[in-house]
Structures are given as structure tokens and as C-alpha cells.
**Student:** 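First, the structure itself, so that you have it in front of you.
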Number of protein chains: 4
Amino acid sequence: MSSELLKLTEKQKAILDAATDLFAEKGFAGTSTSEIAKKADVAEGTIFKHFKSKKGLLLSVISPMIKVIAPMVKKDLNKVFDKDFEEVEDLIREFIDNRTQFVVKNMTMFRVLIQEIPFHPELKEQFIEHISKDVVVRVREIIAHYQEKGQIGEMPIDSVIRIIVSTVFGHVIAKLLIIDEAEWDDKAELDRTIQFLMKGLAPE
Amino acid sequence: MSSELLKLTEKQKAILDAATDLFAEKGFAGTSTSEIAKKADVAEGTIFKHFKSKKGLLLSVISPMIKVIAPMVKKDLNKVFDKDFEEVEDLIREFIDNRTQFVVKNMTMFRVLIQEIPFHPELKEQFIEHISKDVVVRVREIIAHYQEKGQIGEMPIDSVIRIIVSTVFGHVIAKLLIIDEAEWDDKAELDRTIQFLMKGLAPE
Amino acid sequence: MSSELLKLTEKQKAILDAATDLFAEKGFAGTSTSEIAKKADVAEGTIFKHFKSKKGLLLSVISPMIKVIAPMVKKDLNKVFDKDFEEVEDLIREFIDNRTQFVVKNMTMFRVLIQEIPFHPELKEQFIEHISKDVVVRVREIIAHYQEKGQIGEMPIDSVIRIIVSTVFGHVIAKLLIIDEAEWDDKAELDRTIQFLMKGLAPE
Amino acid sequence: MSSELLKLTEKQKAILDAATDLFAEKGFAGTSTSEIAKKADVAEGTIFKHFKSKKGLLLSVISPMIKVIAPMVKKDLNKVFDKDFEEVEDLIREFIDNRTQFVVKNMTMFRVLIQEIPFHPELKEQFIEHISKDVVVRVREIIAHYQEKGQIGEMPIDSVIRIIVSTVFGHVIAKLLIIDEAEWDDKAELDRTIQFLMKGLAPE
DNA sequence: TATGAATGAGCTTTCATTCAT
DNA sequence: AATGAATGAAAGCTCATTCAT
């Protein structure tokens with residue numbers, strides 16, 4: 001699936017990939033370590049040698065998602081004031097595009113993340129810690145910036161964030177839920193979502 | 001939590017309520033029948049007398065959601081051509097309002113539904129069967145109707161549906177995820193969501 | 001083996017007896033719950049229904065030993081000042097006799113107790129709590145009493161206790177270790193032990 | 001801890017010491033080879049290179065105790081007829097003193113020995129083989145010798161042995177069990193034990 | 001109808017041991 | 001000689017489910 005950056009042995013990668021797939025398909029609690037072992041073609045003991053516990057394995061599946069996404073987001077956001085983006089739309093398009101590419105490449109991992117977050121408070125905390133904490137601060141500044149420039153209508157900043165996030169999230173979740181039976185024209189659909197977002201957020 | 005409509009004994013209601021809460025909190029696979037029995041203050045055997053199996057219990061938790069919501073939705077939709085709703089906005093407002101009330105009242109049940117749908121194909125089928133099948137057909141007609149009236153911009157009907165659903169879903173999910181720490185002004189937030197939807201969907 | 005006093009089901013008794021035998025023979029850590037289940041002719045799950053954990057089972061094996069022995073000891077000790085025992089020897093003989101009978105009847109349980117005490121601090125604490133705390137206080141008074149009467153030589157009271165206990169303990173342990181190959185004439189051996197004790201403790 | 005006599009590499013010594021400590025603290029069955037490896041700061045495989053199996057490690061921990069103690073005991077005993085000991089007391093004092101020093105120096109090893117003997121028949125056999133077999137024969141002669149000299153009362157020789165051993169054992173075990181919380185004046189206590197032994201064994 | 005003791009399959013995890021490096 | 005990744009059997013324990021009462 002992914003497993004970039006870190007030095008992982010073949011076995012470790014096999015375990016992570018098997019776990020990712022199975023967690024996505026049947027949920028964390030619904031997957032047994034013996035299934036994972038069988039799918040990864042390793043002995044069951046090997047899983048525990050490397051990941052300590054089943055929960056540890058879940059964390060290892062999810063944490064790259066969190067650790068990798070935050071820096072990517074931050075880098076993009078910083079471009080705003082470098083004048084790389086005169087128009088909000090350009091920012092949002094670029095942003096969704098990059099993020100979507102990443103999410104699509106790691107779709108399964110992402111599915112695990114959003115499926116398991118409700119059941120594991122530590123995950124939620126870790127997520128808030130890494131994503132929200134400083135990203136949100138930065139995003140607030142940027143939205144204020146575009147509101148001043150008159151590209152986004154007057155509305156509480158947090159509501160703007162919520163709307164953007166929920167539109168994008170809704171877009172992605174629809175994609176994830178539909179996925180298999182999809183006759184979903186990704187490009188066109190994305191265009192419409194963005195267009196809709198822009199018009200919806202525009203000042204009167 | 002709910003358990004309207006049907007004649008259920010006290011014990012049955014207790015079991016359903018306990019199961020709903022626990023499934024929402026820890027997931028279906030993460031909840032044991034003995035936990036449910038303890039929380040409902042009944043013997044373990046009693047659960048199986050009434051609900052056959054753990055899966056049967058899940059279905060019993062979720063099915064009111066599906067069975068009750070569909071007729072409600074249909075009734076609303078029929079009002080459109082009775083001229084009860086001249087403006088899309090009125091329809092959507094009324095619609096979201098009613099549905100939200102219901103969802104909020106049965107939040108926990110709803111959480112179980114959306115959390116478990118990815119893991120149980122039958123649920124998805126049942127959902128599609130009851131909600132999509134004829135509701136979607138009806139909705140398509142209605143959207144076409146408002147597009148003809150010039151209240152919704154030109155766009156593939158299914159995309160409109162997707163956008164509405166994803167906006168509303170995004171709204172609700174945000175609410176569910178945020179819920180506890182929320183200083184979330186529900187009314188205002190809902191207003192903004194609708195306003196945003198209308199502007200976003202309006203013709204050029 | 002024993003299991004007096006308490007209302008225990010047949011299964012519970014079977015489990016306790018099997019566990020006692022196996023713990024004595026192979027030690028707590030060296031015995032598996034599946035062995036116990038097989039020997040007790042119950043399902044493995046049944047053990048955990050009743051005793052929560054393997055450790056809980058150990059405690060249930062041992063605690064009667066501790067709970068039953070303390071009251072017995074105290075009762076005997078109280079007789080001293082009721083003039084039931086003019087001579088130390090009578091006390092010690094009666095005491096060892098009663099206790100030995102009990103220990104012999106519950107030899108296996110006792111073996112488990114002394115074998116496992118070094119590995120489970122809570123056991124040691126529980127033992128001290130129940131046996132030592134007030135028994136030792138009482139014993140001190142009694143030894144002082146017999147020292148005043150000139151039947152026990154001058155020596156720190158705690159050393160007297162230690163010597164008595166270690167002699168008796170040594171006696172019992174020898175018995176336990178030898179047990180199977182024993183051509184050990186219990187009565188005569190006990191006589192000699194007591195005689196030896198009396199002479200050894202007598203004043204100059 | 002010990003590891004005298006034999007040529008052992010640093011690693012081997014480290015393993016033996018770690019094993020001795022852990023076996024004493026948690027018992028043989030309660031200690032895992034990986035714990036030992038960690039404590040000895042070697043790889044898990046190294047243990048098996050040197051000691052073949054976990055059981056082999058136990059034997060290697062215990063055998064010095066048996067192999068070293070027997071010659072020491074025999075040497076002492078031979079002195080009896082060399083007139084080095086006119087009085088039993090001198091013999092016993094010297095004997096306990098030497099042996100106790102050794103046992104104290106190797107307390108942990110000794111604890112392992114007495115804790116594990118009940119669970120490993122080979123150990124018991126080995127012990128009997130090395131200690132009992134010819135030592136006991138020699139001891140019998142010596143006790144007969146002192147009985148003839150009128151320093152030990154008339155009593156079956158084996159009972160005398162048992163009493164001595166159980167007194168000494170009782171003494172040592174008390175020491176081992178009490179050890180940590182001890183305000184135990186070793187010298188005085190030993191004196192009293194010997195005095196008690198002599199008086200108890202003396203002829204009428 | 002309701003109970004809860006009993007089950008045994010299956011779960012996560014640990015273990016002693018092996019072997020390629 | 002020493003390592004530690006890998007193993008798979010077995011450990012302790014939990015589970016959904018059954019059934020005699």
C-alpha cells in the first residue's frame with residue numbers, strides 16, 4: 001500500500017499491508033491476528049515481535065497517515081502568502097488535488113483511519129494533536145486573508161472551515177463508500193464539488 | 001433511546017438500548033454479548049431468546065432507523081408537487097430539519113448505522129433497498145423539477161444528489177465527531193449550511 | 001481434597017481438586033489451565049467463569065488453608081489460660097497433633113501454599129495478615145507465661161518462636177519431601193521431635 | 001553470584017547469574033528465556049548455544065551447588081576421626097559455620113535448588129546421588145561414634161539426622177523467607193540454634 | 001419467559017527453540 | 001562465537017451460543 005520513508009523489512013511491510021487491507025475490510029475488532037498472519041504469509045508470532053500488540057499494529061498502520069499528511073498540508077499552506085495563490089479557488093483546487101492523490105494512493109489506510117477513529121480516543125487525540133493544533137491556526141489566518149480580499153463571504157471562520165472540510169470529507173467518503181460499484185467520473189465530479197464550494201462560499 | 005412503534009417488553013427494550021449504546025461506543029465487533037447483558041440487567045440467555053444471535057440484535061438495532069426513515073422521507077417528498085414547497089430552500093430546510101430532529105433523537109442508533117455499514121454488506125443492501133431504490137427515483141424527479149424551475153443550476157442530477165447528501169452528511173458527521181467538546185451553535189450552523197448549499201447550487 | 005465450609009458446585013470442587021493436585025505436583029507456573037480442565041473433566045472456559053483467572057484459582061486453592069487454620073490456632077491458644085495446659089509439652093503436643101492432622105488431611109493444599117509463597121508477595125502478605133498479626137502476639141504472651149513458670153529457658157521470645165516453628169516446619173517439610181518413599185513412622189518420629197524440642201528449650 | 005572453579009566466558013557467567021537471580025525470584029517455570037537474555041545482555045540465541053535448553057540452564061545453575069558442596073562436606077567429616085573434633089558441638093558448629101558461609105554466599109543458587117527440587121525428579125535424584133549416597137553413610141558412622149561417646153542420646157540414627165537437618169534447614173529457610181525485613185542477629189541466632197540442638201540431642 | 005452454568009472454538013499473546021547471517 | 005528474526009505450538013483468556021432448570 002504505502003510504507004514510504006521508514007526502513008521496514010519485507011515481512012514488516014507484508015504484515016502492515018495485510019493488516020491495512022483486512023482492517024479496512026472487516027474493521028479492527030473484526031479482524032483476527034491469525035488472519036493477518038495468514039494473509040501476510042508469516043507466523044503469528046512474527047506480528048507480535050514487530051508490533052508488540054494488535055493495537056500497536058493498528059497504530060503502525062495509521063500513524064504514517066497522520067505523520068505524513070501534516071507536513072504536506074503545512075507546506076501547501078505556506079505558499080499562500082508567497083503569492084503562489086492569488087485566488088482561493090486555485091488554492092483549494094491544488095490542495096484537494098494533492099491531498100486527494102495522496103488519499104487515493106493510500107485509500108485503504110485512510111479508510112482504516114476514519115473507520116477506527118470513533119473507537120479509539122487516543123487516535124482522535126493524536127489526530128487533533130498533529131493535524132488540528134497548528135494547521136487549524138494557519139488555516140484560520142488564510143481564510144481571514146481571503147475574506148479580507150473579498151473572495152470568501154462574511155461568516156465565522158470556523159464555520160467556513162467546517163463547511164470546506166465537510167464538503168471535502170463528504171466528497172471523499174462518498175467516494176470510499178461507493179468505490180466498488182463506481183461509475184464515478186472523478187475529474188468531473190471534483191470540478192463540480194469545487195465549483196459548488198466556490199459559489200457557496202462567495203460573498204453575496 | 002427510541003424503540004417506538006413496536007410492542008416490545010421491558011427486557012427487550014432494555015437490551016436494545018444497551019446494545020445501541022455499546023455498539024455506538026465500541027463498535028459491533030468490539031462489544032460482547034455479556035457486556036450487553038450486564039448493562040441491560042438481563043441474563044445472557046435472554047438476549048438470544050429474543051434476538052436469535054448477536055447479528056440479529058444488530059439488525060434489530062438498526063432496522064427501525066431504516067424502516068422509519070424511509071416513509072418519513074417519502075411523505076415529505078410527495079408534498080413537493082402538492083405545491084407545499086415553491087422554493088427548493090423551503091424543501092431542504094424542512095427536510096433537513098425533520099430528518100435532523102429524528103437523527104438527533106436517535107443519534108446513537110444513527111451512529112451505529114453509519115459505523116457498521118462498511119462491514120456488513122447486507123446492511124448496505126437493505127439500506128439501498130429501502131432508502132435508495134424508490135426514494136432516489138423520486139428525488140431525481142424532484143431535482144429535475146427544480147432545475148426546470150431554474151432554482152437549481154444545470155448539472156447532472158446524480159451530482160446534485162451527491163453534493164446535497166455529502167454536504168448534509170458532512171454536517172452530521174462533523175456533529176457526531178465533535179459532539180462532546182462542542183460549543184457548536186446548532187441552529188446557526190444549520191442555517192449557514194443551508195445558505196451555503198443554496199448559493200452553491202443556484203444557477204449562474 | 002477438602003473444600004469444606006463453602007457451598008461449591010460439583011464442578012467447582014472438581015476444578016479446585018484438580019488444580020490443587022497439579023499445582024502441588026508441577027507448581028503453579030508449570031501447570032496449564034488446559035491440563036486442569038482435562039483433569040477436572042470440565043471445559044476450559046468453565047474454570048474462568050468461576051475463578052476469573054489462573055491466579056484467582058491459585059488464591060481459591062490456598063485461601064481456605066489460611067482462613068481455616070487461623071481460627072483453629074487461636075482457639076487452642078486460648079485454652080492455655082483456661083488451665084487446660086499446665087505443661088508446655090501438653091500444649092505443644094496437642095497443638096502439633098491437631099495441626100498436623102489438618103495439614104496431613106490437606107497436605108496437597110499445604111504443599112501448594114509453601115511452594116508458591118516465595119513467588120507471590122500477596123500470598124505472603126495475606127499469610128502474615130491472617131496468621132502472624134494476632135496469632136504471634138498471642139503466642140508471645142504464652143511463651144512468656146511458660147518462661148515465667150520456668151518451663152522454657154531464658155531466651156528472646158522471638159528466638160523461641162523461631163526455633164519451635166523451624167523445628168515443626170522442618171519436621172513437616174521433611175515429611176512432604178520424603179513422603180512417597182517414606183518408611184517414616186509418623187507417631188514415633190513426632191514423639192522424638194517433641195521430646196527433642198522440650199529438652200532443647202528447657203532451662204539449664 | 002558464584003561460578004567458581006569452571007572456566008566460563010564472560011557471557012556464560014552473565015547468563016548464569018541472570019538465570020540464577022530470576023529463577024530464585026520467579027521460579028524456573030515462571031521465568032522466560034527472553035527475560036534472562038535481556039538481563040544478561042546477550043541475544044536469545046546465545047543462551048541456547050551454551051546451555052542447549054532452558055532445562056540445561058537450570059541444571060547448570062544448580063549443579064555447582066551439588067558438585068561443590070559434597071566434597072566440602074566430606075572433607076569436614078573426615079576430620080572427625082582425625083581427632084579434630086572431640087565434641088559434637090565443635091563439629092556441628094564448624095560444620096554449620098562453613099556450610100552457612102557457603103550457602104549465604106550462594107543464597108540465590110541455594111534458593112533455586114530448594115525451590116525447584118520438588119518439580120524436577122532428576123534434581124532430587126542427582127541430589128540424593130551426590131549428597132546422600134556416601135555422605136549419609138559417613139554421617140551415620142559419625143553419629144554412632146558420638147552416641148557411643150555418650151554425647152548424643154540414644155535414638156535411631158536416621159531420626160538424629162532428620163532432626164539435625166530439619167533444625168538446620170528450618171534455620172536456613174526462616175532466614176531465606178525473612179531475609180528482607182530482617183532484624184535478625186545472625187550470630188546470636190546461630191548460637192541459640194546450636195545450643196538448642198545440643199541440649200535437645202544430649203542424653204538424659 | 002427468563003436464567004446462568006456450561007461449552008469449545010477461537011482470540012491475543014508468549015514461549016522455547018532454530019538458523020541464516 | 002554471537003546474533004536476533006522467525007517460527008509455530010501452546011499458553012491464558014473471551015466469546016457467542018446452548019440448554020436444563
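First the proteins, then the strands, lettered A, B, ... as listed; each starts at 1.
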**Student:** With respect to the phosphate group of E:dT1, does any side-chain polar atom (N or O) of B:His50 fall under 4.0 Å of OP1 or OP2?
**Tutor:** no
**Student:** Between atom NZ of C:Lys49 and atom CD1 of C:Ile15, what is the distance when rounded to the nearest 0.5 Å?
**Tutor:** 12.0 Å
**Student:** Is it true that B:Lys13 and B:Glu10 make a salt bridge, defined as a side-chain N closer than 4.0 Å to a carboxylate O?
**Tutor:** yes
**Student:** Looking at side-chain heavy atoms only, is the closest gap between B:Phe110 and B:Met107 below 4.5 Å?
**Tutor:** no
**Student:** Can you measure D:Leu22 atom CG to E:dA16 atom P for me and round it to whole angstrom units?
**Tutor:** 12 Å
**Student:** Just how far, in rounded Å, is P of F:dA1 from CG of D:Leu8?
**Tutor:** 13 Å
**Student:** Tell me, which stems hold DNA chain E, with a stem being 3 or more Watson-Crick or G-U pairs in a row and both distances under 3.5 Å?
**Tutor:** E:2-21 with F:2-21
**Student:** Calculate the interatomic distance between D:Ile15 atom CD1 and F:dG4 atom P; express it in whole Å.
**Tutor:** 13 Å
**Student:** Would you kindly give the CZ-to-P distance between D:Phe51 and F:dA2, to the nearest whole Å?
**Tutor:** 11 Å
**Student:** Look up atom CD in C:Glu129 and atom CG in C:Leu123, then write down how far apart they are to the nearest 0.5 Å.
**Tutor:** 13.5 Å
**Student:** Nearest whole angstrom, please: distance from the C1' of E:dA6 to the CD of C:Glu10.
**Tutor:** 15 Å
**Student:** Where do A:Ile66 and A:His130 come nearest, in terms of heavy atoms and distance?
**Tutor:** CG2-CB, 3.5 Å
**Student:** Quick one, give me the B/S/- string for nucleotides 15-21 of chain F, reading 5' to 3', where B means a protein heavy atom under 4.0 Å from the base and S means that only happens at the primed atoms, P, OP1 or OP2.
**Tutor:** SBBB---
**Student:** From the set F:dT7, F:dA1, E:dT7, return the single nucleotide nearest to any side-chain atom of A:Ala43.
**Tutor:** F:dT7
**Student:** Between A:Lys39 and A:Glu25, is there a salt bridge with N-O shorter than 4.0 Å?
**Tutor:** no
**Student:** Just verifying a value: how many Å separate C:Asn106 CG and C:Leu113 CG, rounded to the nearest 0.5 Å?
**Tutor:** 11.0 Å
**Student:** Which atoms form the tightest heavy-atom contact between B:Ala18 and B:Ile36, and what is the distance?
**Tutor:** CB-O, 3.9 Å
**Student:** Taking atom P of E:dA5 as reference, at what distance in whole Å does atom NZ of C:Lys13 sit?
**Tutor:** 16 Å
**Student:** Can you tell me if D:Lys26 uses its side chain to pair, donor with acceptor, with the backbone of D:Ser32 under 3.5 Å?
**Tutor:** no
**Student:** By nearest heavy atom, map C:Ile47 and B:Asp41 onto DNA chain E; which one lands nearer the 5' end?
**Tutor:** B:Asp41
**Student:** Write down the distance between CG (A:Leu57) and P (E:dC11), rounded to a whole number of angstrom.
**Tutor:** 15 Å
**Student:** Would you mind reading off the distance between D:Ile36 atom CD1 and F:dT3 atom P, rounded to a whole angstrom?
**Tutor:** 15 Å
